[in-house]
Amino acid sequence: MKLWKKVYLYALVLTTLCINLGFLGMMYAAYEHMLSAEKERCEAEYVILWNNIFSDIQRLEKALPLDAEYFARYVNAYSSYYGSDTMLIGIMGDTVLTEYEGLGELPLQDGIYLCEEAQTTIYVSQDLGKGYEGYRIVMRRTLQDFDAMWERLRPLYLGGGMLLSLGVSCLLAAIVRSVLKPMDQLEWAAKQVQEQKWSVRVSMQGKDELAQLGAQFNAMAETVEKSVEKLKQQSQQKQEFINNLSHEMNTPITSIQGFAEYMQITDISREEQEECLNFISSESRRLKEISTTLLQMVDMQCEERIQMEEFSLLELCEKIELFYQKQYVPKNIKFHMYCGKIHMKGNPVLFESLLRNLISNAGRAVYGKSDAWIELRVSQTEEAIQIQVSDNGCGIAKEHLEQIFEPFYRVDKARSRAHGGSGLGLAFCRKIAEMHQGTITVESELEIGTTFIVTIPFPADEL
Ligand code: ADP
């Protein structure tokens, strides 16, 4: 059974019970009130009659002493004034002197009595007192009109109670339905999520618990949607990575195999042999480079294994400068390094790899230029350390700038392969920057040059 129906049923039973009990109570109170008004009226009339009879008897006492017959006549005379519903009965001792058809026991004690016979009947009884011992006047009144009126009023009360219950029940149904309506929306939305429709949201107004539940549901659906989206992206990236990797590994392996077989089956000269071996050696180097970078990247997945320590960037840059000066001076490439006494917290080995990757890429970009230069510049602001590697090489076209950080993405595939490189260099650099909570960006213009900017913020507790 639906929740709103359940709530409605419980509320309906309760309200119907309360309303009908209330009406019954009201009915009873009204009955009691009307009856006591009738009793008072009856008593008041009786007192007047009794006084009249008593004063008549006293007045005529001397001329006509009181006896049973005379008393009966008196009482009958007064009784005849009334209609059929009221009767005065004269009693002497326990003998009824006047006409009376014995309807129940007559009260022989002073007082007012109510008797629920076939009709509601009131008896008022009082003796004549001192000097007239034994004489008693009883007034008997049947409440025919009262009973008839009550007969008419009772169904009105009962009908009113039922009608009110019906009205309240309709109102209750509408209120319960509208208050719990958002539950339908929530149920529908939960089903959608079950069917993997993550974009579903509910719209609930107000600040009550249901609206809060709706807001929480939306927040949960959003988190799930984002996680699913992220998982999809990650799985797609992984698939792309595997495709690229198998392609990148396959190319040098096929070349190595090709050259080796060529050397096996063909009678070639010493120079040709040397040439083939050079190819085999350079392709094997590339394979090694790919596998080394891959291993480093896998290692970086376990962040807890990576030691972070305070190190001098100046010392690291001087070491790198020494290495590249040796390499570039013979090739006529100018290498400049600018770095102050800057310290940073990080992993010096990985950071050296990052700088070497960027500088090696710059070396390839300026290859063949007559006035080639590469610059490594480290600066520091209040919030971060900035490392720039610039060159005046071939530059990168705008449409490639976004993708060059993806694994195995190359702007000029043939040229890049000819110059070596794993195709993972920039992806690796970005990973290292991210591990240091930093970023890596690039600015470049074709035939003018390129600048890679690595920004490593200082940890929040050091600011
Ligand atoms: P690779 O091992 O091929 O160098 P990277 O991921 O390091 O792979 O670089 C991706 C591509 O970005 C390179 O193939 C190259 O085309 C381009 N690139 C990187 N650095 C530079 C640069 N300084 N100047 C021009 N192109 C660059």
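In what follows, residues are counted from 1 in the order of the sequence shown. In listed order, ligands and their atoms are each counted from 1.
- Between the Glu406 side chain and the Ala427 main chain, no donor and acceptor come within less than 3.5 Å of each other.
- Taking any N or O of Phe452, backbone or side chain, none lies under 3.5 Å from an N or O belonging to ligand 1.
- Residue contact check: Arg410 has heavy atoms under 4.0 Å from atoms 3 (O), 14 (O) of ligand 1.
- Within ligand 1, counting atoms from 1 as listed, the ones closer than 4.0 Å to a heavy atom of Tyr409 are 10 (C), 11 (C).
- Atom CD of Glu40 sits about 10.5 Å away from atom CD of Glu38, to the nearest 0.5 Å.
- With Glu225 as the fixed residue, the salt bridge (charged side-chain N to carboxylate O under 4.0 Å, His left out) test singles out one of Lys230, Arg201, Lys197: Arg201.
- Residue contact check: Gly425 has heavy atoms under 4.0 Å from atoms 5 (P), 6 (O), 7 (O) of ligand 1.
- Under a 4.0 Å criterion applied to the non-hydrogen atoms of Gly423, ligand 1 contributes the atoms 1 (P), 2 (O), 3 (O), 6 (O), 8 (O).
- Contact between Arg364 and ligand 1 is present, with at least one heavy atom of the residue lying under 4.0 Å from the ligand.
- Here is the list of ligand 1 atoms found below 4.0 Å of a heavy atom in Ile404: 10 (C), 12 (O).
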Taking it one step at a time, do Phe217 and Leu186 satisfy side-chain contact (heavy atoms from CB on, under 4.5 Å)?
-> CA-CA 8 Å; Phe217 176 89; Leu186 267 177; 3.9 Å; yes

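- When heavy-atom distances to ligand 1 are checked against a 4.0 Å cut-off, Val389 has no atom that comes that close, whether in backbone or side chain.
- Within the 4.0 Å heavy-atom shell around ligand 1 one does not find Gly393.
- The shell of residues lying under 4.0 angstrom from ligand 1, judged by heavy atoms, includes Thr450.
- Taking the centre and axis of the six-membered ring of Phe323, the NZ or CZ atom of Arg356 falls inside the cone set by 45° and 6.0 Å.
- Considering backbone and side-chain atoms together, Ile396 places no N or O closer than 3.5 Å to any N or O of ligand 1.
- Panel note: side chain Thr15, backbone Leu12; a donor-acceptor pair is recorded below 3.5 Å.
- Of the possible donor and acceptor atoms, one in the side chain of Gln185 sits under 3.5 Å from a partner among the backbone N and O of Ser203.
- Remark: the backbone N or O of Ser390 is not paired with any side-chain donor or acceptor of Thr451 at under 3.5 angstrom.
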